[in-house]
Amino acid sequence: MLKKLTLITLGCFIVISLLSACGKTSTTNGTAKEGNTQKSEQANAQSNTEKSDEQVTLKILNISEYLDTPEFKSFVERFETKYPNIKIDPISVPHEQYISKRNIMMASGESVDLIWGNGVDQFDAINKGFLMPIEDIAKQVDVDMTKDFGNFKADKDGHYFRFPIQQNNWMLYYNKKVFDDAHVPYPDPKVPMTWDEVADVAQKLTNTEGKTKVYGLFYNNWGMYYYGYGSQLTNGKFYTEDGMSNINAPEFKRSLEWMNDVMNVRKAAMPISEYISNNTDFLSYWNGNFGMAVGAQWYAQLAATKKDKFPRDWKAGIAPMPVPKEMAGKHMNWSSVDSLAVPKNAKHPKEALIFAKEYVSDYTLSTGTLPMYNKVNADKFYQDLANQLKDDDITLDQVKFLFGGDPNTINVEEKPILGAPQEYESTFLDQIVNYYTGKATVDQVLNDTKQKVDKAITEQKDK
Amino acid sequence: MSQLSIRKLSTSIVFLLIGIIFITPLLWMLSTSFKFENQVFEQPFTFVHWGHVNFDNYRTILMDTPFLTWFWNSIFVVCFSVILRLILSVFGGYAFGFLKFKYSGAIFFLFLMTLFVPYQLTLLPQFIVYRYIGLLDTRWALIIPNMIDILSIFMMRQFFLSFPRELISAAYMEGCGVFKSFVKIALPLAKTPLVTLGLLSFFMIWDQYYQPLIFLKSKELFTIPIGLQSFQTQFGKAYAQQMALACLAIVPVLAVFLTLQRHFIESVVSSGIKG
C-alpha cells in the first residue's frame, strides 16, 4: 500500500512539474499585452543599440536559394569587413520546409535575429505574434520606412513589421516562334492586352493536333493564375470590410470563369488534370511548347537568361501584364513583397536591420532582382539584364518599363495576405480543381472556399 | 505448347509487367539526370537525347555542391544509428520476449503506445530538449532519436517469444549466466532477424528528412535528403540536378541491399514458414 502511495505521489509530482514548466512560458506570453510588448521590444532594441561596439553574431533564417550562393558568401564577406563587430550565422532551409522550421524555432523560443519571408509567410508570422515592429529601430540605422521603399504602407495597427526586399514585377512572356508559326502578330511592347484578347490569341496559337502539343497559354497551378484577374478588378480586395474572405465577389467569379473558358471551352491551356498528373512545373514554359505565360521577373532571372540550363532554339518576348477591359491601356502589376523581419526574441535588432539595409542595398541586385529600397541605383541592373536578353531582341527600354522602372504601374495584391493567408491559398487551390474538372460549379467552389477561409480567419482572431 | 508452359509464360509476362512498373521510376530518375531542366516534362517523352546528353548535372553535383560532405554525414549517422539501434533492440527484445520480468507486459504496452503519437508532434518538444542539453546542430541529435525504435524492439520481442527455452536452460546448466547465455546462444541465433532489422533501419534512417531539417543548422552537417531538397526553390524544383544527386545517393543503398539481400529473403521466407 505504502509502495503504491509513493508511486502515485511520485507520478503526480512529475506531472505537476511538467505542467508547471509548460505553464510558466505560456503565462509569461499570455499576460503580456500586445501594446506593452511592442513598446518593451523597441525599448530593448534601443538599449541594445547603446552597446553597438560589442561583438555580436546575427542569426539569419532564410531559404537555401538565397543563402547557398557564391554571391551571398561574398556579400557576407563584404559585410563583415565593413562591420567587423557583426558576424553572420546564416541558417539555410530548403523552401518547401522553411515555414515548418521557422515555426518550430519561433515556438520553441530559439533566438533568431532576422527572418526572410514572402507576403504570406510574414503576415502569418505577424498574426502569430512572432515579429516586432521595426519603424523606430529602422530610424536608428537611417532608414525611413515611410519613404525609402516607395509606396510601402504600414503592415498592421500603424506599425511596420516587414523590411521590404523586393516586389514581383509581372509581365507577359511569349514565344516568338509559336507566334510566327501561327502567323499571329506579337503583343505590343507597351500597351497591355486585355484578358479577352489573351484568350483569343491563345486559341489561335494552340495546336494540339501534331506530334507535340502546343498550347496558347501556359499557367501555373498557383492562386493568382485563377483569381489574379479578379484582384485587378477589385484592386486586390481579397477581404471584406469586416476582415472575412471576399473570394465570392462577382469579380473573382468572372476571373475563374475566364480561365475555365480558356482551359475547358477554347482548349487553349492544358487541362488542370493533365497539368497535375504530369507534375508540370512552372519552368515547363521554357520547353517551347507554349505561346504565352504570365510570369514575374523570376522567369528572366531563372530561365530566360540561363540558356545553359534552359537551352532553346526560339526567342522570347516580353509585354505588359494583361488587364481587364475596364483597365485597358493601364500598366498593372500583381504586387507581392518579399521581406526581412525581426522576431520578438531577436537579441540584436539594430544590427539585424543594419544587415537588412546592406542586404537590400548590396545583395538583392546580385540575385537578379531590383530591390524596393529606392536609394539603390538601378541603372546597372537594367543594363545587365538587357545585355543578357539582347539575343531575344529585348531592349533596355522594355526592360526598364517592365522590370520595375515604370512609376505609373498600378500595383494590386498578388494574393491574400492578411487573415489566415496560408489557409486561404491552400483551401482555394484544393477547391478550384473541382470547378475546372467539372465536379462543382464556380459558385459552389467559391462559397465553399469562403466558408472554410472565414472559419480559419475567425479561429485565428479568437486565438 | 503444353498447358503448363502456357501458364508459366503468362505468369512470367505478368511478373515482367509488374517488374516494369516498379523499375519505371528508377529509369525515369536515371533518364532525367541526363537531361536539361526544360526537357524534364517534355511531351512526348524521350528516354535519352542521344545527341544532346547533359552530363553537367553530375558535374554540378560533384563539383559545385558539398555532395561528399552530405554523403559522409549520411553514412556516419546511419551506421551509428543502426548499430546502436540493433544493440538496444536485441537487448530490449530479449528482456521483453524471453526473460520477462515484473510488469514487463505493462511497460511494453506503454512503449507500444508511443507508436500512436505522430512523429511531427514530437518535433517541438525534441527541439526544446536538445537545445537545453546542447545537442542541437550536432550529429547526435540525429543519432539519439534513432537509437531506440519501438517497432524494432517489438520485432525482436516477437522473435524471442518463440525462442526455444531449452537452449538457454542448457546454457544455464552449463554454468552460463543471463548475459553469457544471451551472448553465446541467443545472439548468434538472432542473426537473421538482426540483419533484416538492420537493413530496414538502414533504409529508413537514410531517407530521414525532418530530423536533420529541424535539428541541424550548419550546412557541414547536412545529410543527403536535405541536400536533395536544396534544389527546391520557392518557384519550383531543379529536377534534373535533383535526379542526378538521387542517382548518386542510391548507390550505397543498392550496395547494402545487394550484399545483404540473401539474409533478408531468408528472414522473410523463414518468418513466412513459421507464420
Side-chain angles (χ1 to χ4, degrees), chain A residues 21-22 25 59 61 63-68 70 89-98 100-101 103-105 107-110 116 118 121 211-214 220 222 270 274-275 278-289 295-296 298-299 301-303 306-312 338, chain B residues 28 32 35-46 49 52 54 56-57 59-60 64-66 103 120-132 136-137 209-210 212-220 222 225-242:
Chain A
C22 298
T25 332
K59 277 191 187 175
L61 185 66
I63 52 177
S64 314
E65 67 202 78
Y66 290 133
L67 296 193
D68 295 347
D89 180 12
I91 306 170
S92 147
V93 187
H95 181 260
E96 202 167 75
Q97 297 302 334
Y98 176 74
S100 305
K101 177 131 183 177
N103 286 349
I104 284 186
M105 291 184 84
S108 72
E110 176 84 353
W116 173 91
N118 60 30
D121 301 338
K211 188 182 162 198
T212 307
K213 282 183 189 173
V214 174
N220 201 7
W222 297 345
M270 189 185 279
E274 191 181 329
Y275 186 100
N278 284 355
N279 202 8
T280 309
D281 184 71
F282 88 113
L283 289 170
S284 304
Y285 171 73
W286 297 90
N287 69 19
N289 298 331
W298 29 255
Y299 258 163
Q301 176 191 334
L302 296 170
K306 302 271 189 315
K307 285 190 179 166
D308 53 335
K309 284 186 182 158
F310 295 88
R312 56 189 158 94
D338 287 358
Chain B
W28 186 84
T32 304
K35 287 183 177 177
F36 289 91
E37 292 298 342
N38 55 349
Q39 294 169 336
V40 173
F41 296 109
E42 66 195 336
Q43 299 282 346
F45 174 77
T46 307
H49 292 269
H52 208 194
N54 183 16
D56 210 42
N57 296 322
R59 194 204 58 78
T60 307
D64 301 344
T65 70
Y103 304 122
Q120 285 78 359
L121 276 186
T122 65
L123 279 175
L124 180 58
Q126 278 190 67
F127 185 89
I128 294 170
V129 169
Y130 291 156
R131 198 179 61 215
Y132 276 112
L136 270 190
D137 205 28
Y209 173 60
Y210 268 98
L213 176 86
I214 301 297
F215 303 139
L216 298 182
K217 180 168 74 73
S218 310
K219 273 172 272 179
E220 308 80 60
F222 281 3
I226 299 288
L228 271 171
Q229 283 303 316
S230 62
F231 296 102
Q232 157 93 42
T233 71
Q234 55 182 321
F235 306 116
K237 287 178 182 164
Y239 282 101
Q241 289 183 355
Q242 211 171 25

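Just so we're on the same page: letters track the sequence lines, and every chain starts at 1.
The main-chain N or O of Y239(B) is never found under 3.5 Å from a side-chain atom of K35(B) such that the two would form a donor-acceptor pair. At distances below 3.5 Å, at least one donor-acceptor pair connects side-chain atoms of Y299(A) with backbone N or O atoms of F282(A). Judged by distance alone, the side chain of N289(A) and the main-chain N or O of K213(A) form no donor-acceptor pair under 3.5 Å. The main-chain N or O of L213(B) is found under 3.5 Å from a side-chain atom of K101(A) such that the two form a donor-acceptor pair.
S108(A) touches chain B through backbone and side chain together, each having a heavy atom under 4.5 Å away. Contacts between Q229(B) and chain A at a heavy-atom distance below 4.5 Å involve backbone atoms as well as side-chain atoms. In this structure, chain B has a heavy atom under 4.5 Å from the side chain of D89(A), while its backbone stays farther away. In this structure, chain B has no heavy atom under 4.5 Å from any part of D121(A). With a 4.5 Å cut-off on non-hydrogen atoms, L136(B) touches chain A through its side chain but not through its backbone. Heavy atoms of Q241(B) lying under 4.5 Å from chain A belong exclusively to its side chain. Heavy atoms closer than 4.5 Å to chain B are found in both the backbone and the side chain of I104(A). Only the side chain of Y66(A) has a heavy atom closer than 4.5 Å to any heavy atom of chain B.
Note on ring orientation: taking the six-membered ring where Trp is involved, the planes of W298(A) and W222(A) are perpendicular (angle over 60°, cut-offs 30° and 60°).
Put simply, the side chain of Y98(A) reaches to within 4.5 Å of the side chain of L61(A), judged on heavy atoms. The shortest side-chain heavy-atom distance between P125(B) and I128(B) does not fall under the 4.5 Å cut-off.
Contact tally against chain B (heavy-atom pairs below 4.5 Å) for P94(A), S284(A), S100(A): the top residue is P94(A). No other option in K217(B), Q120(B), Q39(B) has as many heavy-atom pairs under 4.5 Å with chain A as K217(B).
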